[in-house]
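Scroll down for the structure; my scribbles are underneath it.
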Amino acid sequence: MADLQPAPRRKRSARFIEIAAAAGVSVATVNRVLNERDSVAPATREKVVAAAKRLAVPRLLPDLRRGITRFDVVMARSPTPYFRRLDQALQRSMQMLDRRIAVHRQVIDESDDARIVDAILRPPQRRHGLIVAIHDSPAVRAALRTVIAQGVPVVTMMSDIGEVPRLHYAGIDNLAAGHTAGHFIGRLAAQPGRVLVLSNSLSYSAHAERTRGCITQLQAQHPQLTCSEVEECFDDADRCYQAVKHALIGNAPGPLVGLYHSGAGAEGITAALQRFKGEGPRVAWVGHELSDEHRAAIDAGLMDLAIDQDPDGQVLSSLQQLLHAGGFVEQAPTAGPNEFRLFCAQNLPARPYL
């Protein structure tokens with residue numbers, strides 16, 4: 001008959017007496033803190049909870065925070081589909097947060113540096129974290145450095161701010177996105193010729209990096225294609241129309257065979273390509289965001305690829321970083337950039353963008 005083996009011993013969880021020894025308090029104090037009975041000084045509560053965490057106590061520990069935790073969001077005012085979806089993503093996320101966490105957003109004209117700086121430096125109430133989705137400027141950088149030096153964790157969302165010790169950048173690798181655009185334009189261009197490069201304001205580092213990435217990729221891998229200087233269209237459909245029109249029927253040498261636009265204004269691009277169709281070879285077009293305008297252009301066979309940066313994912317990443325910094329989330333969230341998605345005629349989702 002085989003010898004009976006003793007059952008493995010279960011690991012014993014830490015007892016109140018061990019927690020008390022680790023925290024340097026009495027067992028009665030541990031009991032009051034962990035069972036949330038009677039009043040205990042905040043510093044003592046922190047010592048007991050910290051000791052319980054170190055000893056891996058298998059129970060829900062008391063929350064040391066009191067009152068409302070406030071996160072501020074300062075974002076640029078823009079009618080573009082991306083910013084509209086970003087705002088919707090913020091509203092959805094706010095509804096899912098704990099009631100003790102308040103998110104207050106301010107939408108400010110991107111040209112009003114004075115109001116942006118004032119919103120960064122002088123919040124109406126004490127804040128515990130700040131998210132910014134705005135352009136880069138010396139005044140903005142200085143303001144962010146000031147609040148960071150005061151101990152406020154800052155997350156830059158969508159477009160990073162240079163030379164600022166922010167907690168996290170919640171956005172895609174825009175240089176890699178530009179390289180991706182250049183790769184596909186180079187592969188899709190029907191023949192040697194010119195590539196038109198359009199952008200929103202280059203004061204946003206996201207657009208500066210995207211266009212730089214596209215141009216350097218084309219120069220390195222597709223020398224048969226020549227790039228224009230970057231034209232800032234400021235997400236304006238009329239400016240986009242005029243830029244594409246001039247590129248198609250102007251006097252520049254060689255045919256227009258490629259088009260990269262890092263921002264919005266797709267209606268103007270679509271109108272120009274349709275109006276002057278037949279003036280030259282088909283234009284390979286790569287842009288950003290799966291907006292409803294871009295969906296229509298892809299369906300019409302005018303646009304080849306949309307690089308989508310997923311604003312919902314950016315909002316989630318921003319909040320996760322601030323929640324971790326504030327002690328609401330123990331596990332550190334992903335530190336790297338958000339992933340971007342590629343959409344073409346073969347994988348367009350059924351639901352609209354907005």
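Below, each value reflects all heavy atoms present in this structure, side chains not excepted, and no hydrogens, waters or symmetry copies.
- Not a single donor-acceptor pair under 3.5 Å links the side chain of Thr156 to the backbone N or O of Val132.
- Here Asp304 contributes atom CG and Cys344 contributes atom SG; the two are 9.0 Å apart, rounded to the nearest 0.5 Å.
- Distance check, rounded to the nearest 0.5 Å: CG of Asp173 to CD of Gln309 gives 12.0 Å.
- Under a 4.0 Å N-O distance rule, the pair Arg85/Asp292 does not qualify as a salt bridge.
- One distance of note links CG of Asp72 with NE2 of His128; it measures 10.5 Å at 0.5 Å rounding.
- Remark: Glu339 CD is loosely packed, at most 12 non-hydrogen atoms of other residues, nucleotides or ligands lying under 6.0 Å away.
- For the pairing with Val244, the side chain to side chain contact (heavy atoms under 4.5 Å, CB included) check across Val283, Ile249, Thr270, Leu259 returns one residue only, Leu259.
- When side chains are defined from C-beta on, Ile134 does not count as touching Ile108, because their heavy atoms never get closer than 4.5 Å.
- Using modelled atom types, no side-chain atom of His261 and backbone atom of Ala266 make a donor-acceptor pair closer than 3.5 Å.
- Under a hydrophobic clustering in which Ile, Leu, Val, Met, Phe, Trp and Tyr are joined whenever their side-chain heavy atoms come within less than 4.5 Å, directly or via other members, Tyr82 and Val73 fall into the same cluster.
- Of all non-hydrogen atoms in Val117 and Ala139, the two that sit nearest each other are CG2-O, 3.7 Å.
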Evaluation steps, side chain to side chain contact (heavy atoms under 4.5 Å, CB included), between Met157 and Asn338:
CA-CA 10 Å; Met157 183 167 60; Asn338 290 48; over 6 Å; no

As a quick check of understanding, evaluate side chain to side chain contact (heavy atoms under 4.5 Å, CB included) for Thr29 and Arg32, giving each step before the final call.
CA-CA 5 Å; Thr29 299; Arg32 290 200 302 273; 3.4 Å; yes

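- A donor-acceptor pair under 3.5 Å links the side-chain atoms of Arg141 to the main chain of Gly162, judged by distance alone.
- Heavy-atom minimum distance, Val155 versus Ala170: CG1-CB, 4.0 Å.
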What's the verdict on side chain to side chain donor-acceptor pair (under 3.5 Å) for Ser205 and Asp136, showing C-alpha distance, side-chain angles and the deciding distance?
CA-CA 7 Å; Ser205 65; Asp136 192 349; 5.4 Å; no

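- With values rounded to the nearest 0.5 angstrom, Glu289 atom CD is found 10.0 Å from Leu86 atom CG.
- Nearest heavy atoms, Val329 versus His324: O-CD2, 3.0 Å.
- The neighbour count for Arg122 CZ, taken as heavy atoms of other residues, nucleotides or ligands under 6.0 Å away, is above 12.
- Checked by atom type and distance alone, the side chain of Ser317 never pairs as donor or acceptor with a backbone atom of Gly313 at under 3.5 Å.
- Linking Ile, Leu, Val, Met, Phe, Trp and Tyr whenever their side-chain heavy atoms come within less than 4.5 Å puts Val103 and Leu322 in one cluster.
- With hydrophobic clusters built from ILVMFWY side chains whose heavy atoms lie under 4.5 angstrom apart, Leu248 shares a cluster with Met303.
- Checked by atom type and distance alone, the side chain of Tyr204 never pairs as donor or acceptor with a backbone atom of Asp160 at under 3.5 Å.
- Between Ile120 and Thr146 the shortest side-chain heavy-atom distance does not fall below 4.5 Å.
- Listed for the Asp308 side chain is a donor-acceptor partner under 3.5 Å among the backbone atoms of Leu290.
- Put simply, the side chain of Gln125 does not reach to within 4.5 Å of the side chain of Ile68, judged on heavy atoms.
- A donor-acceptor pair under 3.5 Å is absent between the side-chain atoms of Arg166 and the main chain of Ile148, judged by distance alone.
- Linking Ile, Leu, Val, Met, Phe, Trp and Tyr whenever their side-chain heavy atoms come within less than 4.5 Å leaves Met75 and Val154 in two separate clusters.
- At distances below 3.5 Å, not a single donor-acceptor pair connects side-chain atoms of Asp236 with backbone N or O atoms of Gly268.
- Using a 4.5 Å cut-off on side-chain heavy atoms (C-beta onward), Pro337 and Ile172 make no contact.
- In this structure, His135 NE2 and Glu110 CD are separated by 7.5 Å, a value rounded to the nearest 0.5 Å.
- A 6.0 Å sphere centred on CG of Leu348 holds more than 12 heavy atoms belonging to other residues, nucleotides or ligands.
- In terms of modelled atom types and a separation under 3.5 Å, the side chain of Glu232 and the main chain of Leu202 share a donor-acceptor contact.
- No side-chain donor-acceptor contact under 3.5 Å links His288 to the backbone of Gly263.
- In the hydrophobic clustering of this structure, Leu167 groups with Met158; members are Ile, Leu, Val, Met, Phe, Trp, Tyr whose side-chain heavy atoms approach within less than 4.5 Å, directly or through other members.
- Closest approach of Asp113 to Ser137, counting heavy atoms only: OD2-OG, 2.9 Å.
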Stepwise side chain to side chain contact (heavy atoms under 4.5 Å, CB included) test for Phe16 and Asn35:
CA-CA 11 Å; Phe16 280 12; Asn35 290 310; 4.0 Å; yes

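- Atom CZ of residue Arg15 and atom CG of residue Leu55 lie 12.0 Å apart, to the nearest 0.5 angstrom.
- You'll find the side chain of Ile307 stays beyond 4.5 Å of the side chain of Arg210, heavy atoms only.
- Side-chain contact between His294 and Trp285 is present, with heavy atoms from C-beta onward closer than 4.5 Å.
- For the residue pair Asp87/Gln91, the side-chain donor-acceptor check at 3.5 Å is satisfied.
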Pair Leu188-Leu305, side chain to side chain contact (heavy atoms under 4.5 Å, CB included): steps then yes or no
CA-CA 10 Å; Leu188 293 170; Leu305 190 71; 5.7 Å; no

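- Side-chain atoms of Thr69 and Phe328, non-hydrogen and from C-beta on, do get closer than 4.5 Å to each other.
- The shortest distance between side-chain heavy atoms of Arg84 and Ser291 does not fall below 4.5 Å.
- Using a 4.0 Å cut-off between charged side-chain N and carboxylate O, Asp112 and Arg77 make no salt bridge.
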